[in-house]
Amino acid sequence: MNRKSLVSIADYSEEDILRLIGVAEIFEKNPNRKLLEGKVCATLFFEPSTRTRLSFETAVNRMGGRIIGFSDAATTSSSKGETLKDTIMMVSNYADLIIMRHHLEGAARYASEVTGVPIINAGDGANQHPTQTMLDIYSIYKTQGTLENLEITMVGDLKYGRTVHSLITGMSHFNPVFHFVAPDELKIPDLYKNFCDKKGIRYHEYTDFSEDVINRSDIIYMTRVQRERFTDLMEYEKVKNVYILRNSMLSNSKDNLRILHPLPRVNEIAYDVDSNPKAYYIEQAKNGVFARQAIICDVLGIE
Ligand code: CP
């Protein structure tokens with residue numbers, strides 16, 4: 001694997017995460033820094049995206065780099081049967097950095113093994129979404145003033161939600177208590193519970209999204225039920241609206257509570273929450289530009 005690729009948030013130590021937060025803060029003060037002049041960055045999106053692709057492209061543009069790529073694999077030669085390996089080797093002829101999203105778990109790691117060009121994983125199936133995690137952690141740090149000892153409630157599709165899986169790993173350095181709220185069909189996989197057990201991280205599981213758990217939380221991390229990961233759409237229909245956060249449910253929540261969501265939302269946060277000062281998901285997405293500027297510089301070895 002190319003050492004400078006970012007395929008999993010586990011590639012970053014606690015020190016790396018704290019250092020990248022510091023770099024993101026510098027970019028937030030002034031995002032227009034011409035650090036990528038002469039560099040070409042490829043965004044290869046085999047799955048749909050709004051925020052991840054556009055915030056990466058904004059990050060590159062603000063740093064003076066050039067973008068090539070695609071947002072719909074149907075327009076590329078992969079639709080004629082070209083393999084991922086060949087696509088990655090071709091794009092490596094053209095670009096200094098490859099940012100890719102793919103529906104197959106492990107696709108980014110595989111890509112990093114067939115090229116010397118740094119790969120950034122912009123989401124691989126239900127597995128990992130490490131750059132989302134960096135912006136989530138940056139958002140948590142900005143809103144809480146610390147990453148340590150927080151009560152973090154994750155709600156919704158904890159089985160297929162790759163942002164949840166990455167965030168558990170990324171926050172594991174900072175002594176969190178996790179509250180996992182999910183229906184039986186979408187419970188957090190044993191892999192992540194075993195990970196918490198090994199690291200001595202406390203967690204609790206619930207099927208009810210109760211005011212008790214809301215009122216204990218410093219962060220509520222809402223997630224969408226991932227329709228695209230279901231093989232049986234009847235199963236999706238059963239759980240799609242299982243939890244809806246409404247403003248009235250926040251009356252007795254902590255002052256420092258912030259509500260995050262990786263977005264897109266479908267129906268899990270009612271629109272009446274948007275005007276509550278504890279709603280942070282729009283600013284969270286904006287933080288993605290600064291966190292991704294920091295990551296791009298890190299993988300390219302730019303100080
Ligand atoms: N959070 C996230 O990955 O959003 P997009 O799917 O729009 O990129």
Side-chain angles (χ1 to χ4, degrees), residues 6-9 12 20 24 41-62 67 69-74 97-108 111 119-140 142-143 152 154-171 186 219-230 236 240 245 258-269 273-274 279-296:
L6 173 59
V7 299
S8 163
I9 196 68
Y12 282 154
L20 286 169
C41 302
T43 51
L44 312 186
F45 277 68
F46 294 87
E47 272 195 337
S49 167
T50 297
R51 278 146 293 276
T52 308
R53 187 173 65 82
L54 295 180
S55 63
F56 262 120
E57 295 190 357
T58 302
V60 171
N61 279 302
R62 291 208 179 276
I67 290 278
F70 54 83
S71 57
D72 179 1
L97 169 68
I98 296 173
I99 298 156
M100 65 174 277
R101 170 172 288 186
H102 202 281
H103 52 276
L104 288 180
E105 297 182 19
I119 300 284
I120 295 180
N121 181 4
D124 61 325
N127 186 32
Q128 286 271 324
H129 194 347
T131 69
Q132 176 72 42
T133 298
M134 268 315 304
L135 80 90
D136 292 343
I137 292 179
Y138 184 48
S139 300
I140 293 170
K142 277 178 65 178
T143 59
I152 300 177
M154 298 176 165
V155 184
D157 186 347
L158 308 190
K159 179 179 179 185
Y160 296 118
R162 58 193 173 199
T163 66
V164 166
H165 303 159
S166 289
L167 189 58
I168 291 168
T169 312
M171 284 303 294
L186 299 174
I219 294 290
I220 294 179
Y221 194 87
M222 297 297 296
T223 66
R224 170 179 71 91
V225 177
Q226 308 266 302
R227 183 178 187 274
E228 63 276 30
R229 311 278 176 231
F230 282 75
Y236 169 75
K240 66 178 183 185
L245 180 64
R258 290 297 177 274
I259 298 147
L260 305 186
H261 190 314
L263 304 178
R265 78 173 138 181
V266 179
N267 207 20
E268 6 2 278
I269 301 181
V273 179
D274 290 4
Y280 193 74
Y281 27 90
I282 304 300
E283 293 95 326
Q284 178 189 358
K286 184 175 180 186
N287 290 334
V289 174
F290 317 125
R292 288 179 170 123
Q293 286 184 292
I295 290 167
I296 290 168

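Predicted model only: the values in this text are computed from it and were never measured. Counting starts at 1 for both ligands and their atoms, following the listed order. All values below come from the heavy atoms of this structure, side chains included, with hydrogens, waters and symmetry mates left out.
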Worksheet item: So is there a nitrogen or oxygen of Pro262 less than 3.5 Å from a nitrogen or oxygen in ligand 1?
Response: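 N/O-N/O distance below 3.5 Å exists for this pair.
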Worksheet item: Between the candidates Thr131, Thr163, Thr50, which shows the shortest non-hydrogen contact distance to atom 5 (P) of ligand 1?
Response: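 When every heavy atom of Thr131, Thr163, Thr50 is considered, Thr50 comes closest to atom 5 (P) of ligand 1.
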Discussion item. I'd like to check the salt bridge (Lys or Arg N to Asp or Glu O under 4.0 Å) partners of Arg292; sequence neighbours left out, ordered by chain and number.
Written reply: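 Listed in chain order: nothing, the list is empty.
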Worksheet item: Looking at Leu167 and Thr133, what are the two nearest heavy atoms and their distance?
Response: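 The answer is N-OG1, 3.5 Å.
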Worksheet item: Identify the closest protein heavy atom to atom 4 (O) of ligand 1: which residue and atom is it, and at what distance?
Response: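 Ranked first by proximity to atom 4 (O) of ligand 1 is Arg51 NE, 3.2 Å.
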Discussion item. Only heavy atoms of Thr52, strictly under 4.0 Å: list the atoms of ligand 1 that pass.
Written reply: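 Here the atoms of ligand 1 in question are 2 (C), 3 (O), 4 (O), 5 (P), 8 (O).
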Fill in: Numbered atoms and elements of ligand 1 in range of Leu263, under 4.0 angstrom, heavy atoms
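Counting atoms of ligand 1 from 1, those under 4.0 Å from Leu263 are 1 (N), 2 (C), 4 (O).
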Worksheet item: Between Ile259, Asp136, Leu260, which is the residue that forms a side chain to side chain contact (heavy atoms under 4.5 Å, CB included) with Ile219?
Response: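 Looking at Ile259, Asp136, Leu260, the match for Ile219 under the side chain to side chain contact (heavy atoms under 4.5 Å, CB included) is Leu260.
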Worksheet item: Is the closest heavy atom of Arg101 to ligand 1 under 4.0 Å?
Response: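 In this structure, Arg101 qualifies as a contact of ligand 1 - some heavy atom is under 4.0 Å.
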Item to complete: Report the distance from atom CZ of Phe56 to atom OG1 of Thr43, rounding to the nearest 0.5 Å.
Response: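 Here the interatomic distance stands at 9.5 Å.
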Item to complete: Establish, from distance only, whether the side-chain atoms of Tyr236 and Asp157 form a donor-acceptor pair under 3.5 Å.
Response: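 No, Asp157 and Tyr236 have no side-chain donor paired with an acceptor closer than 3.5 Å.
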